[in-house]
Amino acid sequence: MNKPEHFRPPSVDTVLRSAEGELAVARHGRAAATDAIRHVIELLRAGGAPAAASVEQIGLMTLDRLGERDRPSQRPVINLTGTVLHTNLGRALLAEEAIEAVVAAMRAPTNLEYEIEAGQRGERDAHVRGLITELTGAEDAILVNNNASAVLLVLNTLARDREAVVSRGELIEIGGAFRMPDIMARAGATLREVGTTNRTHLKDYAEAIGPGTGLLMKVHTSNYVVQGFTAEVGPAELAKLARQHDLPFVDDLGSGTLIDLSRWGLRREKTVQDALKGGADLVTFSGDKLLGGPQAGIVAGRKDLIARLAKNPLKRALRLDKLRLAALEATLRLYRDPDRLAQRLPTLRLFTRTGSDLRALAERLQPKVTAALGPGWLFEIIDCASQIGSGALPLETLASAGLALRPAGKATGSAVENLAAAFRAVPVPVIGRIAQGALVFDLRCLEDEALFIAQLDALKPERLDALA
Ligand SMILES: *Cc1c(COP(=O)(O)O)cnc(C)c1O
């Protein structure tokens, strides 16, 4: 019997001195390169490597290993899920104006909390407050980390050790464990549920009000709709009731928009201005949902109440940093020119792409995708229904077009999953969704066609052959 030849590894030094070793040192430093070479040699030894593992091969494996380790954990992906504001994919994309403002704020000291003319300490929220009051008609505004923080701050300030009255039809849970009852509890407020899941009347609220009441609250049922035999109390009636009892009325809009979306053919969603005109004392909403800005929570409304929020020590813990304030300021400024908003604000630009444009894009991509996948796959251009996402307009879909890819022959059950995985394994991962036995790419959010085509070249042909 022939005993396999034993793996006799080169010394770490020999690999370090090879061309690959020198490249590894130049790119990653001597300490990291030495460690990685040692590790690769160990792996080869443990795996019973053939004696033929050359210095060059070890050097290449070292470079691979170091390259993978240095790849950023958070990196760009191509969102072809059909959900524009995808929470797991980072929600709104920033406008170029906002990106430039962030970069400028990163590179230099700024007057974040400094009044330049007076030469004295200033207030960070002042950079954005004026824009919010101008655009919404609110008396005042305050900024925090996200809308969950905004709700927490409001409840903790106005309803700590008191009751917050909310309809049972509005006790929402939003993906990522934002549950209204849990936030209430952490804010130190007692949830006073009124009405039933499908019907709540004004008298339900009225009967719940007592000496322990802190506020009345309305919560946008962002990601669901109660339909059928339903009744809810309108904000104007609630505002009136709150006023009679000298209680604040808070309207958590969730997504919150500053403009009438019907202007672009979308369904009209209650705006922040509507909520304030409707009698809300405070309105809370997100920066990175329909608004199209950075992650942020905005509270707009009555000056005396905002002043109380500002005094709460939690505000300090929930405050925005200079980067997001810069991005928010630049984003809000775009709203002064609604005529150009759909070109400048990526979120709105993506919402307003037409089905026929997207179909034309699908047709342009067809030959490229077909060539990349080979004969084992069937390609179909399909109609899609994109979603807004992040709980905004949950029932509203946007007519879109996409690609459906399915195996040509008799498919094994996992062929489509494997294809999806192959598209996720390219340098800029392409994220689609699987529906009815096909990998579906909704093209609404694909603006960089060349980037997508470059990813096709990176699809590993051997992986695809194995699939079909
Ligand atoms: C999304 C949402 C929140 C949470 O907002 P974040 O900005 O994600 O923290 C709170 N309330 C409602 C109604 C929402 O839709």
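The first residue of the sequence shown is numbered 1, and numbering continues consecutively from there. Whatever order the structure lists ligands and atoms in, that order sets their numbers, starting from 1. What you see below is based on every heavy atom in this structure, not just the backbone, and it leaves out hydrogens, waters and symmetry mates.
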Would you call Val151 a ligand 1 contact, heavy-atom distance under 4.0 Å? no

Consider every N or O of Ala148 and every N or O of ligand 1, then say whether any pair is closer than 3.5 Å. yes

Whether Arg359 and Asp383 form a salt bridge (side-chain N of Lys/Arg under 4.0 Å from carboxylate O of Asp/Glu) is what I want to check. yes

Report the part of Arg91 (side chain from C-beta onward, or backbone N, CA, C, O) that has a heavy atom under 4.0 Å from ligand 1; answer both or neither where that applies. side chain

Under 4.0 Å between a side-chain nitrogen and a carboxylate oxygen: does that hold for Glu115 and Arg121? no

Check ligand 1 against His220 and write out every atom of the ligand that is under 4.0 Å from a heavy-atom position of the residue. 13 (C)

Closer than 4.0 angstrom, basic N to acidic O: yes or no for Asp357 and Arg444? no

N-O pairing of Glu447 and Arg349 below 4.0 Å: yes

Ion pair check, Lys218 and Glu170, cut-off under 4.0 Å: yes

Do you know which of Leu261, Val84, Leu290 makes side chain to side chain contact (heavy atoms under 4.5 Å, CB included) with Ile388? Leu290

Hey, is ligand 1 close enough to Ser286 that some N/O pair sits below 3.5 Å? yes

I want to know if ligand 1 touches Asp252 in the polar sense, i.e. an N/O pair below 3.5 angstrom. yes

Among the heavy atoms of Lys289, does any lie under 4.0 Å from an atom of ligand 1? yes

